Amino acid sequence: MDAPSGRPTTARVTIGNENWDFPVRNGTIGPDVLDISKLYAQSGRFTYDPGFTSTASCESKITYIDGDEGVLLYRGFPIEQLAEHGDFLETCYLLLYGELPTPAQKSDFDNRVVHHTMVHEQMMRFFQGFRRDAHPMAVLCGSVGALSAFYHDSTDISDPHQRMVASIRMIAKMPTMAAMAYKYSVGQPFVYPKNDLDYSTNFLRMCFAVPCEEYKPNPVLARAMDRIFILHADHEQNASTSTVRSAGSSGANPFACIAAGIACLWGPAHGGANEAALKMLAEIGTVDRIPEFIKRSKDKDDPFRLMGFGHRVYKHYDPRAKIMQKTCHEVLSETGHKDDPLLEVAMELERIALSDEYFIEKKLYPNVDFYSGITLKAMGFPTTMFTVLFALARTVGWIAQWKEMIEDPSQKISRPRQLYTGSTRRDYVPISTRKS
Ligand code: CMC
């Protein structure tokens, strides 16, 4: 059956001689969705979709991606406009509340975030328990998980006020904890937040200030940091966001859910890709070695892939990569690294790959991680911190998606089914009678 718009309202599934009709739901933009939630109840069958490439796991109003056109919208606003004209806390407000703030709302929100930036002093001692050489992501994952032990008064997920307090706390404390993870790894004293600074300047200061010198904020680097945070703030139902939603669907507290998201983000196919991309550029080293690596990336028998290339959703230039490339040039000019050989390798690699039949045919374009590693390195961050910065920025997206899920009356515990291909029923054999 078709709606007046001409779009079908039902989809028919036929198995043998039997038919079932399922509703087709229309989003405001994007492809229509077949609602198969009653498929098992009606037909006794499941669907099979490893990696959820064709499955919408939820309804959401937060972020929209058109992967074919290279479009990314936060609450309807294009990422390019937000990155050019807004700041990160404005983006946080937008993702959490659904609208851009008025000046009064913005100043109130900034004030609320600023007044939650300190962490419980006992957390300082908690950090001392980690090995000095621990990866900062391991430290961040463990310490964010521990937040629920320090802030019991915002773990009741059924209370809207506690949910909002936990959300603000997470956004406010992540920079402090990310900077602590960094300081701990380099053996320097923790730097307390300074609340008269803007979010990104404050974060850079907590990372790079030392007690023996006056810290001079650099507005170009602070703006670049802020823009990097905006670019990474949310990205629809990616692996870590789905992990946060999945963990939250059981009623787990928000701090535990964000720790689960951080763990998922760590993988090289997701948040770890910027670290991997920079390592790859360093391994390539010089422009003349690029063809060898391009060849390896196309070889099915070689596990090597061009890191920072390709995306599950974008089959077009990742819009974040364009802004990242511009930011990269700005930062490298400011820090005096504009002749960095890695930038030269990156630009040439991009040029060669974009004109290579393999990459064109498979629609593999640079993603946000391709230029972010070089940029962050020029800002002074070690590679081990790259994913930590991604986690810091993505926290608001995770929190907004977690809140949306908790507030959705149709929310259910996340529980996918499976196609079982193991042994059928068999009887236990006592060990003494088993043949060797
Ligand atoms: N280099 C060479 N070949 C590639 C690459 C690459 N970077 N990415 C995909 N392919 C090939 C892949 O071998 C496959 O070929 P075939 O069809 O012949 O088997 C085809 O392209 C499709 O790849 P896929 O693995 O089925 O695609 P996917 O959607 O499952 O994977 C991806 C997406 C991002 C995991 C993958 O492109 C990749 O591993 N990229 C490198 C890692 C990376 O940069 N990740 C950052 C993602 S952006 C940050 C974020 O949002 O988290």
Side-chain angles (χ1 to χ4, degrees), residues 49-55 62-68 70-74 79 137 228-244 261-281 283-284 290-325 346 349-350 352-376 383 386-398 401:
D49 183 18
F52 308 121
T53 54
S54 301
T55 298
I62 303 175
T63 295
Y64 175 75
I65 303 172
D66 184 333
D68 294 326
V71 171
L72 170 60
L73 309 176
Y74 291 164
I79 188 70
M137 271 303 269
I228 292 171
F229 290 159
I230 295 173
L231 296 185
H232 288 85
D234 195 42
H235 214 225
E236 219 230 48
Q237 307 310 319
N238 55 82
S240 57
T241 301
S242 301
T243 302
V244 170
I262 295 172
C264 177
L265 185 76
W266 196 357
H270 191 6
N274 51 12
E275 186 174 339
L278 190 72
K279 279 190 184 143
M280 177 194 75
L281 293 174
E283 198 189 338
I284 298 175
I290 293 174
E292 175 197 331
F293 283 83
I294 295 263
K295 193 166 165 234
R296 281 186 59 197
S297 75
K298 297 194 275 189
D299 180 355
K300 287 280 155 254
D301 298 325
D302 188 330
F304 176 77
R305 280 186 169 196
L306 274 195
M307 299 314 283
F309 258 80
H311 198 274
R312 168 60 61 81
V313 182
Y314 294 117
K315 303 301 168 198
H316 198 285
Y317 211 102
D318 177 343
R320 303 168 303 169
K322 282 203 187 105
I323 307 166
M324 201 63 240
Q325 190 194 49
L349 182 62
E350 176 182 348
I352 294 177
L354 290 182
S355 54
D356 187 296
E357 207 36 57
Y358 173 93
F359 290 87
I360 296 171
E361 191 210 312
K362 293 188 189 307
K363 299 187 174 157
L364 299 169
Y365 292 88
N367 59 50
V368 68
D369 293 319
F370 192 64
Y371 284 101
S372 63
I374 312 175
T375 315
L376 295 173
T383 47
F386 293 178
T387 319
V388 169
L389 301 173
F390 191 161
L392 190 175
R394 184 56 57 84
T395 294
V396 64
W398 289 331
Q401 301 265 355

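In this text, all values refer to a predicted model and were calculated from it rather than measured experimentally. Read the numbers this way: they start at 1 and go in the same order the structure lists the ligands and their atoms.
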Enquirer: I'd like to know if K300 contacts ligand 1, where contact means a heavy-atom distance under 4.0 Å to any ligand atom.
Expert: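 Yes, K300 has a heavy atom closer than 4.0 Å to ligand 1.
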
Enquirer: Distance below 4.0 Å between atom 29 (O) of ligand 1 and any protein heavy atom?
Expert: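 Flag for atom 29 (O) of ligand 1 set to true, protein heavy atom closer than 4.0 Å.
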
Enquirer: Looking only at distances, please establish whether an N/O atom of ligand 1 is found under 3.5 Å from an N/O atom of L306.
Expert: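 Min N/O separation from ligand 1 is below 3.5 Å for L306.
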
Enquirer: Is atom 12 (C) of ligand 1 less than 4.0 angstrom from at least one protein heavy atom?
Expert: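 Protein heavy atoms within 4.0 Å of atom 12 (C) of ligand 1 - there is at least one.
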
Enquirer: Nearest to atom 46 (C) of ligand 1 by heavy atom, S372, P268, A273, S297: which?
Expert: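 Minimum heavy-atom distance to atom 46 (C) of ligand 1 goes to A273.
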
Enquirer: Is K362 positioned over the aromatic face of Y358, cation under 6.0 angstrom from the ring centre and no more than 45 degrees off axis?
Expert: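 Yes, K362 sits over the ring of Y358.
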
Enquirer: T395 side chain to A391 main-chain N or O, any donor-acceptor pair under 3.5 Å?
Expert: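 The answer is yes, because a donor-acceptor pair under 3.5 Å joins these two groups.
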
Enquirer: Quick one: which of L364, N274, I65 has a heavy atom closest to atom 8 (N) of ligand 1?
Expert: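 Nearest option to atom 8 (N) of ligand 1, by heavy atoms: L364.
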
Enquirer: Between R320 and ligand 1, which residue portion shows a heavy-atom distance shorter than 4.0 Å: side chain, backbone, both, or neither?
Expert: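 For R320, only side-chain atoms sit under 4.0 Å from ligand 1.
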
Enquirer: Is the ring centre of H235 less than 6.0 Å from the ring centre of Y314?
Expert: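 Judged by ring-centre distance (under 6.0 Å), H235 and Y314 do meet the cut-off.
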
Enquirer: Are I290 and I284 close enough, and set up right, to give a side-chain contact (heavy atoms from CB on, under 4.5 Å), and what steps lead you there?
Expert: CA-CA 6 Å; I290 293 174; I284 298 175; 3.9 Å; yes

Enquirer: Starting from atom 41 (C) of ligand 1, locate the nearest protein heavy atom and write down its residue, its atom name and how far away it is, to 0.1 Å.
Expert: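 Looking only at protein heavy atoms, the one closest to atom 41 (C) of ligand 1 is F309 O, 3.4 Å.
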
Enquirer: Where on H311 is there a heavy atom closer than 4.0 Å to ligand 1, on the side chain, on the backbone, on both, or on neither?
Expert: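 The part of H311 near ligand 1 is both the backbone and the side chain.
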
Enquirer: Are any non-hydrogen protein atoms located under 4.0 Å from atom 48 (S) of ligand 1?
Expert: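 Under the 4.0 Å cut-off, atom 48 (S) of ligand 1 does have protein heavy-atom neighbours.
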
Enquirer: Tell me the nearest of G267, A277, A269 to atom 45 (N) of ligand 1, using heavy-atom distances.
Expert: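 Answer by nearest heavy atom: A269.
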
Enquirer: Return yes or no for this condition: an N or O of G271 is under 3.5 Å from an N or O of ligand 1.
Expert: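 In this structure, G271 places no N or O atom under 3.5 Å from an N or O of ligand 1.
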
Enquirer: Given the rule in the side-chain contact (heavy atoms from CB on, under 4.5 Å) test, do Y317 and K322 qualify, once you have shown the distances and angles that lead to the verdict?
Expert: CA-CA 8 Å; Y317 211 102; K322 282 203 187 105; 3.6 Å; yes

Enquirer: For ligand 1, is any non-hydrogen atom under 4.0 Å from F370's backbone (N, CA, C, O), its side chain (CB onward), both, or neither?
Expert: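 The answer is neither.
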
Enquirer: Do any nitrogen or oxygen atoms of H270 come within less than 3.5 Å of a nitrogen or oxygen of ligand 1?
Expert: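 By distance alone, the answer is yes.
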
Enquirer: Any N or O on R305 sitting closer than 3.5 Å to an N or O of ligand 1?
Expert: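 Such a contact does occur with ligand 1.
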
Enquirer: Heavy atom under 4.0 Å from ligand 1: found in N238's side chain, backbone, both, or neither?
Expert: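 Within the 4.0 Å criterion, N238 makes no contact with ligand 1.
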
Enquirer: Using distance alone, decide if ligand 1 has a nitrogen or oxygen within less than 3.5 Å of any nitrogen or oxygen in G308.
Expert: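 Among all N and O atoms of G308, at least one is under 3.5 Å from an N or O of ligand 1.
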
Enquirer: With a 4.5 Å limit on heavy-atom distance, are the side chains of L364 and L306 in contact?
Expert: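 With C-beta onward as the side chain, the pair stays apart.
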
